[in-house]
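Counting starts at 1 for both ligands and their atoms, in listed order.
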Amino acid sequence: MDFKSSDTIPGPRREDVLPHTTAAAVKVVIVGGFGVGKTTMVGSVSEIRPLTTEETMTQAGIGVDDNYGSETKTATTVAMDFGRISVSDELVLYLFGTPGQERFWFLWNGLFEGALGAVVLIDTRRLEVSFDVIGRLEERGVPFVVAVNDFPDAPHYAPEVLRTALDLEAEVPMVTCDVRRRAESRDVLMTLMRYLHSLSVSRARV
Ligand SMILES: Nc1nc2c(ncn2[C@@H]2O[C@H](COP(=O)(O)OP(=O)(O)OP(=O)(O)O)[C@@H](O)[C@H]2O)c(=O)[nH]1
Ligand SMILES: [Mg+2]
């Protein structure tokens, strides 16, 4: 067959190549209700161009997905977001964002396979959109941290009030962030890593 040589196929971009010092990779899932900022977080923190599966919002979500507070939002994730961040020379995190609405739960089985932990994003204007997500993580026994995505007009609650409203166990870390900021999203992931580490240390002692 007559075709041009493979020099037309682009090689991997420099930022896509893992540093040769990478020793461990950890899979982390970013979850939360509709429009809480999952795609924004994966996009802000990823060092590779994130993969997203956003579609223009259609009739499917009307009356189902409460758009309150994100009225300018025109696209929604229909499968997953994917990104990657190296948190040290040795450790790389693979990030999978996935929708929390019930009609997407069939995706969870595959996405959570091998995941060490999760970040649950919360919008305090619509706490209830993340209730089911927390319940499902607890059922699956997936350790998670809660990150309150600080939208400007969202109410601020004392941490203990939020904990009670979300029915969180005392040891589950809760932090506030603006997921549009890379450093803050990274801090959330570091909180999760420290939490996973503390769990593994306490399990090793048992
Ligand atoms: N002001 C402000 N806006 C934010 C913040 N995070 C996200 N947004 C905006 O809020 C909207 C929702 O963010 P997305 O990242 O699409 O949320 P999502 O959780 O991926 O949404 P779905 O995939 O539809 O469930 C977008 O218009 C963002 O630009 C934030 O921290 N502050
Ligand atoms: Mg999304």
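Expressed to the nearest 0.5 Å, how far CZ of Phe112 lies from CZ of Arg136 amounts to 8.5 Å.
Between the side chain of Ser130 and the backbone N or O of Leu121, at least one donor-acceptor pair lies under 3.5 Å. In this structure a side-chain-to-backbone donor-acceptor pair under 3.5 Å is missing from Ser86 to Asp89. In this structure, the side chain of Arg163 engages the main chain of Val172 through a donor-acceptor pair within 3.5 Å. For the pair Arg125 (side chain) and Ala154 (backbone), a donor-acceptor distance under 3.5 Å is absent.
An N or O contact shorter than 3.5 Å links Thr76 to ligand 1 by distance. For a threshold of 3.5 Å applied to N or O pairs, the pair formed by Gly35 and ligand 1 contains at least one separation below that value. Considering backbone and side-chain atoms alike, Gln101 places every N or O at 3.5 Å or more from each N or O of ligand 1. Between Ala75 and ligand 1, not a single N/O pair is under 3.5 Å apart.
Thr77 and Thr53 share no donor-acceptor pair across their side chains, judged by distance under 3.5 Å alone.
Residues Val36 and Val129 have side chains in contact (heavy-atom distance under 4.5 Å, counting atoms from C-beta outward).
Against a heavy-atom cut-off of under 4.0 Å, Phe34 is close to the following atoms of ligand 1: 24 (O), 25 (O).
Assignment of Pro152 to the shell around ligand 1 is supported, since a heavy atom sits closer than 4.0 Å.
Protein atoms of type N/O/S that fall under 2.8 Å from the Mg ion (ligand 2) number 2 in this view.
Here the shortest heavy-atom pairing between Leu116 and Leu196 reads O-CD2, 3.4 Å. Taking every heavy atom of both residues into account, Val42 and Gly83 meet most closely at CG1-N, 3.7 Å.
For the residues Glu184, Glu55, Arg180, the heavy atom positioned nearest atom 2 (C) of ligand 1 is part of Arg180.
Heavy atoms from both the backbone and the side chain of Thr39 come within less than 4.0 Å of ligand 1.
Among residue pairs with one or both ends in residues 25-51, those qualifying as salt bridge (Lys or Arg N to Asp or Glu O under 4.0 Å) are Glu47-Arg84; sequence neighbours excluded.
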